[in-house]
Amino acid sequence: MIQKDPRHAIHALLVQVGKGLLSIEEAESQALAGGHGPLLRQPDPADFDPMQEPFWSLPMVVAWIAWRFEAAVRDAWDDYRLKCEDWHYREYRLGPDAPMKKSLSVERRRPANLAFLAMSEVFDETIEATLSSLMTVHDARKALWRELQRGSIAASGVTGASGVRDRIQPETWCDLHAFVGPDDRDYLMTDPNGLVGLRYDALRFPSNQVLTVWSGKVDKDAPIFSTGAPGRPTSRHLVASELKRRAADQQLEASLAAEAQYLADWLAVAHPDAPPMRQKSVENALRSDYKSLKKP
């Protein structure tokens, strides 16, 4: 029974999820049923169209070059990210010999940077559940630097010396190196160690020039896939929904591996345009869901 105080009710649901007694989807469903609203704050992606923005940040540009997909650019856009919340699991011990415990919390997303994109790329390769990139983040950054040196894109940044926004000249890009600051945002410096010399913050790139150099067709009518790791389009919600339907009809396979293989095959046939998921990816994504639904 959900408690009347929404703070106590949400805390109780979080504790149950953390102990593995409820899946995240079940906790969200109970919160909505109790009139407490969603556990996570997630804005409507349709309200954040990065393709209409005249200027992009460095992560947004590199995301476009690497993935050429609107959702990837949106997830690298701080205006959108700072309005999103995600689940965060942490494991800890109260002492060196104490058993491992798990905690669950809801946290607002941090600003995007090149390091975030690189980690997203590793996550993609691990779960094999997202749209393929056209090139690596490393190669996308190198491609961007080449075009900036050619003068194809007129980027700007706020210099530490003047405190005002200046155009970064093409030849200057030959000496600029990217770093991540304490605020989790990218900055550029001529010093390869990021300590002294010319510095640029708050980088901005004209999106129309980026799209001219790296063209790509954005399908506005394509379904918006929910995200597993922040920003990466995934089909988790599709297989999770089918898993629940099969459980209600008492069609679940006897083992998680067999059920995951069925769902991976089903996804390829039922949703050929959705990001594919292999058996292992489905297992990792739906392990707690399967365990909960399989209970007698």
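Residue indices begin at 1 and follow the sequence shown.
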**Asked** What do the steps show when you test I153 against V61 for side chain to side chain contact (heavy atoms under 4.5 Å, CB included), and what is the final call?
**Response** CA-CA 11 Å; I153 301 171; V61 175; 5.6 Å; no
**Message:** Let's go through M135 and I65 carefully: what are the C-alpha distance in whole Å and the side-chain angles of both, what is the deciding distance for side chain to side chain contact (heavy atoms under 4.5 Å, CB included) to 0.1 Å, and is it a yes or a no?
**Reply:** CA-CA 8 Å; M135 66 177 74; I65 299 171; 3.8 Å; yes
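We find that D201 and R199 are joined by a salt bridge, their nearest charged nitrogen and carboxylate oxygen being less than 4.0 Å apart. Electrostatic pairing of E259 and K294 does not count as a salt bridge here, judged by no charged N lying under 4.0 Å from a carboxylate O. For the pair R81 and D75, the salt-bridge criterion is met [side-chain N within less than 4.0 Å of a carboxylate O]. In summary, D78 and R109 do not engage in a salt bridge, as defined by a charged side-chain N under 4.0 Å from a carboxylate O. No salt bridge links R246 with E242; every basic N to acidic carboxylate O contact stays at or beyond 4.0 Å.
The backbone N or O of A257 sits less than 3.5 Å from a side-chain atom of Q279, completing a donor-acceptor pair. In terms of modelled atom types and a separation under 3.5 Å, the side chain of W64 and the main chain of W214 share a donor-acceptor contact. Under a 3.5 Å cut-off, the side chain of S207 and the backbone N or O of W56 do not form any donor-acceptor pair.
Counted by atom type alone, R165 and S156 present one or more donor-acceptor pairs between their side chains at under 3.5 Å. Side chains of E26 and Q30: no donor on one and acceptor on the other come within 3.5 Å.
Taking the six-membered ring where the residue is Trp, F205 and W173 present tilted rings, their angle falling between 30° and 60°.
Taking all atoms of both residues into account, the shortest heavy-atom contact from A112 to P59 is O-CG, 3.6 Å.
Side-chain contact check for R185 versus N113: every heavy-atom pair is 4.5 Å or farther apart.
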